[in-house]
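Since the structure comes first, as structure tokens, the remarks are kept for the end.
Just follow the structure's listing: the first ligand is 1, and inside any ligand the first atom is 1. Both backbone and side-chain heavy atoms feed into the values below; hydrogens, waters and symmetry mates do not.
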Amino acid sequence: MLPLLAQGHLIPFLALARQIQQTTPSFKITIATTPLNIQLLKHHHIHNHIHFAELPLNPNAENTEKPPLDGILKLCQASLISKIKEQEGYPPLSYISVWSNLPHINSDSDKFSVQPFPQDYKFSSCHMPRYLREANGSNDWSRFLVSQLSLSMKSDGWICNTVEEVETLGLDLLRKYIHLPIWSLGPLRPLPLKGKETSMASDEECIEWLNLKDQRSVLCICFGSQNTISTCQMMALAEGLEKSETSFIWVVRPPLGFDINGEFNAHEWLPKGFEERIKNAQKGLLVHQWGPQMKILSHKSIAAFVSHCGWNSVLESLSCGVPIIGWPLAAEQAYNAKMLDEELGVGVILTATVESVVSNEEVKNVTEMVMDQESVMGKEMKGKKN
Ligand SMILES: *[C@@H]1O[C@H](CO)[C@@H](O)[C@H](O)[C@H]1NC(C)=O
Ligand SMILES: *[C@@H]1O[C@H](CO)[C@@H](O)[C@H](O)[C@H]1NC(C)=O
């Protein structure tokens, strides 16, 4: 298995490895990734039968000279195949892609439809991540994506981390489009990967705090392991939460432009005295860096989830029956949010991109509307859950 090197991609691959292992123990599974990722995986889980192959990438060299993306990819593929040949004498594997985007479209108008989606499905340039908006066919990202897609088309089939009932239309269109077998294996039950152990509130503290709250009364807020919001958005979110009636548990990370894994500077990025006030009023819990998301979402006190709509988070939230307030930031997240809102009716979009301006009043209004179990929307979403 050759996951993309970021943590969000390791999680579902690891879950897939475990699933295969449980059903077909005779398979030998090797996950090829960087030495640093392997350390992380080995540190947190005991996988007796999952093997790791180190890709020859030096994490310390990253800051000095970044190899271009397609270079990394070729290196990974070559290395994986030679490792497997070396160890087992296996023939090279066919490629298996976990890929959720349809190829990119060009349009200048703000609302447009995309083949082969039905005409009344409107997309907008704000749904497109920056790398798609800026793609011109020859920059790094375009070359990377084009080579990924064309290689994926040469595979024997695709395994998707999704559920037929959740993505009925998408899977149907994809099957017609790529003419390859597609198996949806999801939701792959994610195993939490712990980040750095800098969390101020531990797992137990989160759960104990939630235990004191009423059923379906708390909002969970988390933007994933690789994304963060802008400084202005963070301020508006904090002010909106404070104005609202809602209790919340918020996994905070430094805003855009700062080291996402660095120290969180509450004095600079949150309203003055915010952390103390919400703590004293038992209104909110700030978790620094990393929280046990699945445990939090499955807690009975959680009523809704403010999420960047990364696919792992979407699947976790759907598995727990928690409605989503979408705040997409990158990659295909805006499409996920759109699907949750328009197709499944289990989410709303609070704001569309990391660049958009959001006011504290919007935060307050939207969160209260979703949290209010008796509101039209609250009722509707609850109904969908059942
Ligand atoms: C595409 O974008 C890249 C990077 O922004 C630039 O260097 C290149 O000249 C552009 N190519 C074309 C064909 O516009
Ligand atoms: C928020 O809700 C209030 C009361 O319903 C309304 O007057 C106000 O215009 C709303 N603000 C925004 C930004 O949606």
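Distances from atom 2 (O) of ligand 1 to the protein include at least one heavy-atom value under 4.0 Å. Within a 4.0 Å radius of atom 7 (O) of ligand 2, the protein contributes no heavy atom.
Protein heavy atom closest to atom 10 (C) of ligand 1, with residue, atom name and distance, is N136 ND2, 2.4 Å. Counting only heavy atoms of the protein, atom 5 (O) of ligand 1 lies nearest to N139 CB, 4.6 Å. If you check which protein heavy atom lies closest to atom 14 (O) of ligand 2, you get N365 ND2, 3.2 Å. The protein atom (non-hydrogen) at minimum distance from atom 13 (C) of ligand 2 is E361 OE1, 3.4 Å.
Under a cutoff of 6.0 Å and an axis angle of 45°, K338 and F123 form a cation-pi pair.
Note: F274 and W250 have perpendicular aromatic rings, judged against thresholds of 30 and 60 degrees for the angle between ring planes.
Criterion: ILVMFWY side-chain heavy atoms under 4.5 Å apart, direct or through other members. Under it, I260 and F258 are not part of a common hydrophobic cluster.
Below 4.0 Å from some heavy atom of E362 lie the following atoms of ligand 2, by number and element: 13 (C). Listed by atom number, the atoms of ligand 1 under 4.0 Å from S138 heavy atoms are 1 (C), 10 (C), 11 (N), 12 (C), 13 (C).
Side-chain contact between V358 and E362: present, with at least one pair of heavy atoms (C-beta onward) separated by less than 4.5 Å.
Atom CD of E355 has more than 12 heavy atoms from other residues, nucleotides or ligands within 6.0 Å.
Taking OG1 of T30 as the reference point, atom NE2 of H51 lies at 6.0 Å (rounded to 0.5 Å).
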